[in-house]
Amino acid sequence: KISPCQEEIFYTSVMKKTLASLIVLLIAAAPAVALEWHTVGPRAMGMGGAGVAAAQGPIAAYWNPAALGRPTANAYGIQVPFGVRAAVTGSVIEGANDLEALKDSQTPPTQAQVDAALAKLNQPGNGVRLGVDGGVNVKIGKIAVFTNSYLDMGAVPTIDATATPATVIAGTNNSKLTLKGAQVVELGVGYGREMSFAPGLYLGGNLKIMSAQVGYYDYYVLRNSNEDSNMLSKFKDGAAKSSNFGVDLGMLWDITRTFEGAVLHPRVGLVGRNLNNPKFKQPAAATAAGATGKYAVNPQLRMGASISP
């Protein structure tokens, strides 16, 4: 017969070995650079990394598929998350607007004005980012079926330092914003369950079919004809479409179920998304601009802890 003390030591040892093994697996799969993590669902927006440990309901498949195995009140349900985020860093927009204003000005610009506009456009860290996510997630017991879409795109400036008042007025200066990014649509199934040998330890995973549109477009600031100015349409029209599959793995430790009497219901979660590093076809414009290889959806690793009254 195992004493309570021996049982506690056994569970603690199992948890440590399982967590260590999963961390080694996820770190080995994850490169130094990964795509931005999307904050899917309104509940997770104010939780930060805690969402990995406090995930529940249908979108647990995204945050941590291991949580699909938790015996919660919302074992069945549907969630339709949607989110948008955008960021503009530096004076990239102001610099582009200044260049266009100088081109359209009734008074010929001076070289100093041209140089000032280019300086704003060329500030270190300048750029624009846009992210959109949405989908439908259904949970049936410990299984989730989902389709989610993630759009990530950004624009970075490149200046043509040979600009003169004459080239600005003529619209022949080649200063530009380069748009890069992809829309990835996932159709998948997730499953999670509690380990019988270690109460409180949940493991889970997702298997996904992924369809991607990878885009690339150079928007020249001063060539703003009606055709060229709709850069989002141009970005989409030139996108390359291809498919692949993705694998996610997650671990959740509900400490209260392991050690009775633990206060504040502590939980620790760890998840790795797209561990197989799925790759997709690059558009012709990106290849022509010197891009090599395929567009990679790099693995993402996230760990979090939560407590609740």
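Along the sequence shown, residues carry numbers from 1.
Between the CZ atom in R273 and the NE2 atom in H38 there is a gap of 9.0 Å [rounded to 0.5 Å]. To the nearest 0.5 angstrom, Y220 atom OH is 9.0 Å from T158 atom OG1. Going from atom CD1 of I93 over to atom CG of L121 covers 9.0 Å, rounded to the nearest 0.5 Å. For the atom pair K294 NZ and N244 CG, the distance stands at 7.5 Å (nearest 0.5 Å). With rounding to the nearest 0.5 Å, the separation of CG in L252 from CG in L270 is 10.5 Å. One finds the OG1 atom of T258 at 6.0 Å from the CH2 atom of W253 (value rounded to the nearest 0.5 Å).
Without hydrogens or angle criteria, W63 side chain to V40 main chain gives a donor-acceptor distance under 3.5 Å. Using a distance-only test at 3.5 Å, with no hydrogens or angles considered, a donor-acceptor pair links the side chain of T89 to the main chain of G127. Of the possible polar contacts, none joining the Q213 side chain to the K241 backbone as a donor-acceptor pair under 3.5 Å is found. Between the side chain of K139 and the backbone N or O of G141 there is at least one donor-acceptor pair closer than 3.5 Å. Q123 places no side-chain N or O within 3.5 Å of a backbone atom of G90 that could act as its donor or acceptor partner.
V189 and Y62 end up in different hydrophobic clusters when Ile, Leu, Val, Met, Phe, Trp and Tyr side chains are linked at under 4.5 Å. Under the 4.5 Å side-chain heavy-atom criterion for ILVMFWY residues, a single connected hydrophobic cluster contains both I78 and Y76. V88 and M153 fall within the same hydrophobic cluster, defined by Ile, Leu, Val, Met, Phe, Trp and Tyr side-chain heavy atoms under 4.5 Å apart, directly or through other members. V184 and F146 end up in different hydrophobic clusters when Ile, Leu, Val, Met, Phe, Trp and Tyr side chains are linked at under 4.5 Å. Residues V156 and F235 do not share a hydrophobic cluster, defined by chaining ILVMFWY side chains whose heavy atoms lie under 4.5 Å apart.
The two residues Y191 and L68 come nearest to each other via the heavy atoms N-CD1, 3.6 Å. Residues S196 and P199 approach most closely at O-CD, 4.4 Å, considering heavy atoms. The two atoms that bring A96 and V221 nearest to each other are O-CG1, 3.6 Å, heavy atoms only. G269 and A53 make their closest contact through N-CB, 3.7 Å (heavy atoms, listed as atom of the first residue, atom of the second, distance). Taking each heavy atom of N277 and P299 in turn, the nearest pair found is OD1-CD, 3.7 Å. In plain terms, the two heavy atoms of Y202 and G69 that are nearest each other are CE2-O, 3.4 Å.
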Show your reasoning for whether side-chain hydrogen bond (donor to acceptor under 3.5 Å, both in side chains) applies to N126 and K120. CA-CA 9 Å; N126 267 2; K120 291 179 182 179; over 6 Å; no

Would D133 and R85 count as a side-chain contact (heavy atoms from CB on, under 4.5 Å) if you check the C-alpha gap in whole Å, the side-chain angles of each, and the deciding distance to 0.1 Å? CA-CA 9 Å; D133 56 73; R85 67 184 186 282; 4.3 Å; yes

Carefully, step by step, assess T167 and T162 under the rule side-chain contact (heavy atoms from CB on, under 4.5 Å). CA-CA 9 Å; T167 60; T162 64; over 6 Å; no

Going through the distances and angles, do Y216 and Y295 end up as a ring-ring contact (aromatic ring centres under 6.0 Å, His included)? CA-CA 11 Å; Y216 183 102; Y295 180 92; over 10 Å; no

Would D248 and L275 count as a side-chain contact (heavy atoms from CB on, under 4.5 Å) here? Give the steps. CA-CA 6 Å; D248 308 331; L275 295 178; over 6 Å; no

Given Q282 and T287, is the side-chain hydrogen bond (donor to acceptor under 3.5 Å, both in side chains) satisfied, shown in steps? CA-CA 7 Å; Q282 289 274 16; T287 304; over 6 Å; no

Apply side-chain contact (heavy atoms from CB on, under 4.5 Å) to the pair T164 and Q111, showing each step before the final yes or no. CA-CA 6 Å; T164 65; Q111 186 65 50; 4.0 Å; yes

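Contact annotation: the side chain of N64 never approaches that of M251 to less than 4.5 Å [non-hydrogen atoms, C-beta and beyond]. Annotation: side chain of N122 is not in contact with side chain of P157 (no heavy-atom distance under 4.5 Å). Taking the side chain as every heavy atom from C-beta outward, E186 and Y150 approach each other to under 4.5 Å.
Other residues, nucleotides and ligands place more than 12 heavy atoms under 6.0 Å from the NZ atom of K142.
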Please output the side-chain donor-acceptor pairs of residues 175-183 that fall under 3.5 Å, not counting sequence neighbours, one pair per line with the distance.
{"unit_1": "S175", "atom_1": "OG", "unit_2": "D160", "atom_2": "N", "d": "2.9"}
{"unit_1": "S175", "atom_1": "OG", "unit_2": "N173", "atom_2": "OD1", "d": "2.7"}
{"unit_1": "K176", "atom_1": "NZ", "unit_2": "D218", "atom_2": "OD2", "d": "3.4"}
{"unit_1": "T178", "atom_1": "OG1", "unit_2": "D218", "atom_2": "OD1", "d": "2.7"}
{"unit_1": "Q183", "atom_1": "NE2", "unit_2": "S149", "atom_2": "OG", "d": "3.0"}

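With I255 as the partner, the side-chain contact (heavy atoms from CB on, under 4.5 Å) test is satisfied by one option alone out of V268, I307, L201, L264: V268.
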